[in-house]
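Let me begin by presenting the structure, written as structure tokens, before commenting on it.
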Amino acid sequence: MITLLTRAGCTACARARADLDPLIADFAVEFEEIDVDAIADTDPGVRAEFGDRLPVVLLDGREHSYWDVDIPRLRADLQAASGQ
């Protein structure tokens, strides 16, 4: 599961999403995008922890990269996880 933590109007977040799209398709991995401001009322800890360094990519709930998607590392980790 890849989770992208974002914020509305964040151009770096939009760029990260575009970077992730091919990987999501190649590995048919589950994906969710979460706006940290939109969930702040119900889960303020996410914004407190990650809100100052968006976008953040989580792989299986663990921080993988932030500000830029580390595409080679993420691809290698997805290959290892899928046995490809």
Side-chain angles (χ1 to χ4, degrees):
M1 163 73 90
I2 295 175
T3 304
L4 178 62
L5 302 178
T6 65
R7 171 175 282 131
C10 169
T11 56
C13 298
R15 203 169 36 251
R17 174 61 198 261
D19 289 344
L20 288 172
D21 283 340
L23 293 173
I24 293 164
D26 287 350
F27 291 93
V29 65
E30 290 181 59
F31 173 79
E32 69 178 331
E33 187 170 339
I34 298 173
D35 183 318
V36 298
D37 297 323
I39 66 163
D41 288 340
T42 57
D43 195 350
V46 172
R47 183 170 65 182
E49 184 174 351
F50 299 108
D52 62 341
R53 53 194 169 105
L54 296 172
V56 175
V57 176
L58 306 177
L59 180 58
D60 296 328
R62 298 174 66 194
E63 186 174 334
H64 191 273
S65 58
Y66 63 94
W67 290 331
D68 293 310
V69 178
D70 186 341
I71 295 170
R73 183 172 152 239
L74 184 55
R75 181 174 292 282
D77 290 344
L78 290 169
Q79 286 173 330
S82 69
Q84 290 184 1

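Counting from 1, the numbers follow the sequence of the chain as shown.
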Test side-chain contact (heavy atoms from CB on, under 4.5 Å) applied to Ala12 - qualifying residues, sequence neighbours left out: Cys10, Arg15, Pro55
Set of residues satisfying side-chain hydrogen bond (donor to acceptor under 3.5 Å, both in side chains) with respect to Glu32, sequence neighbours excluded: Thr3
Side-chain cluster (under 4.5 Å, hydrophobic types only) that Val56 belongs to, other residues: Leu5, Ile34, Val36, Ile39, Val46, Phe50, Leu54, Leu58, Tyr66, Trp67
Distance, nearest 0.5 Å, that separates CG of Leu78 from CD1 of Ile2: 5.0 Å
For the student: nearest non-hydrogen atoms of Asp21 and Arg17, plus distance: OD1-NE, 2.8 Å
Leu23 side, atom CG; Ile71 side, atom CD1 - distance, nearest 0.5 Å: 6.0 Å
Pairs where residues 17-65 contributes a residue and the test disulfide (SG to SG under 2.5 Å) is met, not counting sequence neighbours: none
Sequence-distant partners of Arg7, salt bridge (Lys or Arg N to Asp or Glu O under 4.0 Å), two or more places apart: Asp37
Disulfide (SG to SG under 2.5 Å) pairs, two or more places apart, involving residues 22-60: none
Sequence neighbours excluded - disulfide (SG to SG under 2.5 Å) pairs with any residue from residues 21-58: none
Full working for side-chain contact (heavy atoms from CB on, under 4.5 Å) between Leu59 and Val29: CA-CA 10 Å; Leu59 180 58; Val29 65; 5.5 Å; no
CD1 on Ile24 to CE on Met1, rounded to 0.5 Å: 10.5 Å
Pairs involving residues 56-68, ordered by first then second residue, that meet salt bridge (charged side-chain N to carboxylate O under 4.0 Å, His left out) (sequence neighbours left out): Arg53-Glu63
All pairs passing disulfide (SG to SG under 2.5 Å) where residues 31-61 contributes a residue, at least two apart: none
Arg73: side-chain contact (heavy atoms from CB on, under 4.5 Å) partners, not counting sequence neighbours: His64, Asp70, Asp77
